Structures are given as C-alpha cells and as structure tokens.
Amino acid sequence: MAPPVIDPSASDPSPRPAPDPYRPDAEQAHPSDAAETADILRGTRGTVVPVGAGTKTGWAAPPTSCDLVLHTGGLARITEYLPGDLVVVAEAGVPLAALQQRLAEHGQMLALDPPEEGATLGGIVSANASGPRRLRYGTVRDLLIGVTVVLADGTVARAGGKVVKNVAGYDLGKLYTGAHGALGVVVSTTWRLHPLPPARATVTVPVADSAQAGRCAVRLARSPLTPTAAELRWDGAGSGGALVVLFESTAASVRAQAREAVALLGAGTTGDDIPAWFGRRPRGDLVLRLAYAPAALPQVLDALDGLGTPDDAAGSVRITASACTGVAYAAVPPGADLAALRAALAPYDGSAVIVGGSPAGTAQAAGAGRTAAEHWGPPGDAFALMTRVKDRFDPGRRLSPGRLLGGL
C-alpha cells in the first residue's frame with residue numbers, strides 16, 4: 001500500500017472569503033451542465049463573474065461590475081476516466097480532493113496540490129493554482145491537456161484532447177489558465193495523470209540566513225537529484241528558517257537520494273514526516289504571491305524582510321517559498337510599500353501580486369477595495385497583446401470585468 005502523500009485537501013488556516021464577495025444584490029445562477037451555462041450567458045446582457053468554491057476570489061482584482069454571479073459547483077461530474085491512458089475528464093465543479101480520492105483507487109493522482117480546502121478544478125485552472133509538487137510535475141499549464149469553456153456569447157468551445165500527445169488547441173487551454181473567468185467560463189477539464197509514488201523521504205535543513213537558502217536552492221537545482229518539492233519556511237532575518245526537501249519514488253530511490261541530499265547540502269536530517277506548514281500559504285492582513293528568477297531567492301527574502309513583520313505574524317509562518325521554482329508567498333504589514341517591493345524585484349524578473357488579506361482597518365473580503373493597479377502592479381510590455389486577446393474573446397467586456405492586469 002502506498003504511504004501517505006501530501007494531502008491537497010488539507011485545511012488552510014487562512015480565513016476563506018465568501019463565494020459572493022462582489023455585490024450582495026447580484027443575481028445568482030447555478031447551472032448543472034455546459035448547455036445550461038451557455039443558455040445563461042446567451043440570456044444575460046449584464047456582467048457575469050464565474051465562481052467555483054470561492055477559495056481564491058482574492059487572487060484577482062475585484063470586478064468593476066457584477067450583475068450575475070455564475071456558480072460552477074453544480075458541474076461536478078467525472079465524465080470519463082481512462083486509467084490505462086493516465087487521463088481523466090472532469091467538470092469544473094469537481095473538488096480536487098474528491099478527484100484525488102477517485103484516482104487513488106487506481107493508484108494514480110493528479111499532481112497538483114494547492115492547499116485551499118474545497119478548491120474545485122475550474123477554480124484551480126482559472127487561478128493557475130499549484131503547490132509544492134510544481135517542482136517535479138509542473139503547474140496547471142503542464143498537466144491540463146484539454147478544456148471546454150463557454151464564451152461570453154454562449155458559444156461552447158473545446159481545446160486540446162484526451163490523449164497526452166495530442167497538442168491540437170493546447171495553447172488555447174493555456175490561455176484560459178490564470179484568466180480568472182475573464183475570457184470564458186471553464187466547464188470541463190482534461191488532465192494528464194501520474195502514478196502514486198510508493199514511498200517518500202524528507203530532508204530537513206536548518207537555514208541560518210538568506211544566503212544559505214539561496215546556496216541550497218542552487219545546489220539542488222543543479223544536481224542530478226529529482227526531488228518532488230523543496231519548500232522553505234522563512235521567519236525573517238535573525239530568525240532563519242528551514243528547508244524541507246521531499247523525495248517520492250521507490251523506497252530504495254528515496255533513501256539513496258535523501259542521503260545524497262544531506263551530503264550535497266552539507267547538513268540535514270532525514271525522515272518521512274512532512275511539517276504542517278509545508279506548502280501552506282501564510283496568513284495575515286496582506287498576503288502576496290511573488291514570482292522571480294529562482295536564483296534570486298536571497299534577494300527576494302531580503303526585500304521581504306525590509307518590509308517589516310505584520311502584527312499578527314507572531315508565532316506563525318511569515319514566508320513560504322518553493323525554493324527551486326521562483327515562487328513564494330508572504331504575509332506583510334498592511335501598510336507595506338508594494339511599489340518599492342515591486343521595484344526591488346524588477347531586476348530579477350519579479351512580481352508581487354495580492355492574493356489574500358484585506359485593506360488595513362477593514363473586514364472586507366480578500367482583495368476588496370483595491371484597484372487592479374494596486375492588486376497586480378503596473379502592466380508590462382505584453383499588456384497590449386492581453387488587451388487584444390480580451391477584446392477577441394469578450395468584446396463586450398462582460399466576463400469578470402476589471403479583474404485582470406491593467407483593469408481588463
């Protein structure tokens with residue numbers, strides 16, 4: 001029997017925003033299939049904001065208008081599962097945890113592990129959410145091989161296929177990933193699967209300073225080792241942190257790789273336990289997602305330390321980072337100078353996006369009350385192309401208006 005693996009449904013300590021944080025008087029729609037979704041969009045003239053389980057509504061800017069909240073939770077069927085082909089087709093409202101349970105019966109998994117409890121497949125695609133396993137298996141864009149969406153005019157469009165090597169329309173599927181419902185309503189998804197690993201081992205390395213964290217990450221990235229994940233907990237300059245490297249494979253392989261990792265990193269203890277903070281997002285009044293060149297990890301940690309410690313961070317995790325992939329999550333003080341942080345990250349292809357918390361002194365849902373510029377930061381060189389894409393797929397600007405970069 002396979003040992004326990006990272007539980008993608010484990011509870012996140014952060015408060016979850018309500019599914020309808022946009023306008024309390026907005027109409028609500030609950031379609032049960034793609035045809036009903038199409039009928040709703042064809043029969044609606046106002047603005048529409050799709051919502052899954054509501055676990056990541058704060059990951060995009062608040063909509064500038066919302067006449068109808070379209071809930072996808074009723075689209076909750078696993079419509080086709082081909083264990084021999086390592087492919088599954090499931091509707092957007094299927095919870096990831098429920099899908100993982102079904103796949104585990106056949107010794108398989110979808111190698112995505114975002115920590116938000118109750119997250120659905122459509123929401124995961126729309127937010128491009130992932131967790132520690134991104135190091136080995138990639139993100140949504142790497143595992144999604146087909147998608148069905150309903151466009152603003154009610155047209156049902158399909159991209160990709162049910163064969164891993166079929167790339168027809170694959171780039172279109174990537175386009176919807178991370179679009180937060182602004183280009184179409186995701187109603188069905190097709191995924192590439194992986195076998196459940198039979199064994200695991202961990203290596204835990206105390207990290208004294210940001211420079212050591214960077215050295216460890218670079219050594220791992222340049223080594224022949226194949227870790228599933230390398231997660232860093234960082235409590236700040238003077239407090240240090242810990243790096244946990246996870247190996248998943250056969251028993252002999254994970255034991256050997258763990259020993260080699262200790263020798264490579266010059267320190268560490270081996271085991272098979274995963275700490276509770278592993279892969280979790282920090283919580284606080286202002287939570288950021290940072291992306292940057294992986295080699296810049298020390299500079300990113302130093303820049304975050306310069307923002308200070310949030311009042312409610314005592315005894316809790318301040319920063320978690322996927323050390324080798326250039327992704328981190330940080331709880332920072334509500335009044336932190338995000339413009340200065342973004343300027344400090346810019347030389348490292350870095351960005352800082354708000355994904356949680358609420359404006360100082362308010363109890364609003366995550367992201368509420370902030371403009372798109374505050375949420376995302378300044379638009380980059382690709383903004384003109386993004387505008388053309390938005391106008392092509394949603395010329396009336398009806399779907400999730402204002403949620404994307406630059407207020408698209």
Side-chain angles (χ1 to χ4, degrees), residues 6 8 10-17 55-60 112-117 119 123-124 127-135 139-140 178 180 207 210 213-214 217 229-237 239-244 246 274-294 296-310 312-313 315-334 336 338 341-342 344-345 348-358 366-367 370 375-377:
I6 300 174
S11 178
D12 183 347
S14 302
R16 187 164 39 154
T55 62
K56 291 176 285 296
T57 53
W59 283 38
L112 290 172
D113 51 351
E116 291 79 22
E117 182 180 7
I124 289 169
N128 191 21
S130 58
R133 279 194 172 95
R134 65 167 66 86
L135 175 60
T139 64
V140 171
H180 295 280
V207 176
S210 61
E231 291 290 293
L232 173 70
R233 169 179 174 150
W234 182 251
D235 296 318
S239 300
L243 177 68
V244 175
L246 172 66
I274 296 175
W277 58 263
F278 192 92
R280 299 291 174 254
R281 326 280 193 210
R283 62 178 179 179
D285 288 327
L286 183 58
V287 181
L288 307 176
R289 181 186 190 273
L290 297 93
Y292 48 89
L297 177 61
Q299 290 83 0
V300 171
L301 296 178
D302 291 343
L304 289 169
D305 285 340
L307 297 178
T309 302
D312 60 354
S316 64
V317 178
R318 278 193 56 219
I319 300 167
T320 58
S322 292
C324 298
T325 62
V327 176
Y329 294 85
V332 301
L338 296 189
L341 174 63
R342 286 162 174 157
L345 298 179
Y348 312 106
D349 294 326
S351 62
V353 177
I354 297 171
V355 295
S358 56
R370 295 190 176 96
H375 186 98
W376 296 103

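The basis for the numbers below is simple: all heavy atoms, side chains too, and nothing from hydrogens, waters or symmetry mates. It should be emphasised that the depicted structure is a prediction, and the values quoted were computed from it without experimental measurement.
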Got a donor-acceptor contact below 3.5 angstrom from the H180 side chain to the T57 backbone? no

Could you report the tightest heavy-atom contact between R281 and W59, atom names first, then the distance? NH2-CH2, 3.4 Å

Please name the pair of heavy atoms, one in I319 and one in A330, separated by the smallest distance, quoted to 0.1 Å. CG1-CB, 3.9 Å

Can you name the nearest heavy-atom pair linking L135 to C324, along with the distance? CD1-CB, 3.7 Å

Set of residues satisfying side chain to side chain contact (heavy atoms under 4.5 Å, CB included) with respect to S351, sequence neighbours excluded: A291

Considering all heavy atoms, the nearest L288-V355 contact: C-CG2, 4.0 Å

Please report the closest heavy-atom contact between L345 and A352, naming both atoms and the distance. CD1-CB, 4.1 Å

Exercise: identify the closest heavy-atom pair between S322 and P132: OG-CA, 4.4 Å

Do T139 and T325 have side chains that get closer than 4.5 Å, going by heavy atoms? no

NZ-CD1 distance between K56 and I124, expressed to the nearest 0.5 angstrom: 5.5 Å

Which residues pass the side chain to side chain donor-acceptor pair (under 3.5 Å) test with R289, not counting sequence neighbours? Y329

List for me each residue that meets side chain to side chain donor-acceptor pair (under 3.5 Å) alongside D305, sequence neighbours excluded, and say none if there are none. W234, R318

R233 and V207, any side-chain heavy atoms less than 4.5 Å apart: no

With sequence neighbours left out, what residues match S210 under side chain to side chain donor-acceptor pair (under 3.5 Å)? D302

Would you please name every residue forming a side chain to side chain contact (heavy atoms under 4.5 Å, CB included) with A321, sequence neighbours left out? L232, Y292, L297, A328

Could I get the full list of side chain to side chain contact (heavy atoms under 4.5 Å, CB included) partners for A303, not counting sequence neighbours? L341, A344

Separation between CZ (F278) and CG (D113), nearest 0.5 Å, reads 8.0 Å

Output, in order, the C-alpha distance, side-chain angles, deciding distance and verdict of side-chain contact (heavy atoms from CB on, under 4.5 Å) for H375 and V353. CA-CA 6 Å; H375 186 98; V353 177; 3.7 Å; yes

Residues I274, V244; criterion side-chain contact (heavy atoms from CB on, under 4.5 Å); working and verdict: CA-CA 8 Å; I274 296 175; V244 175; 5.8 Å; no

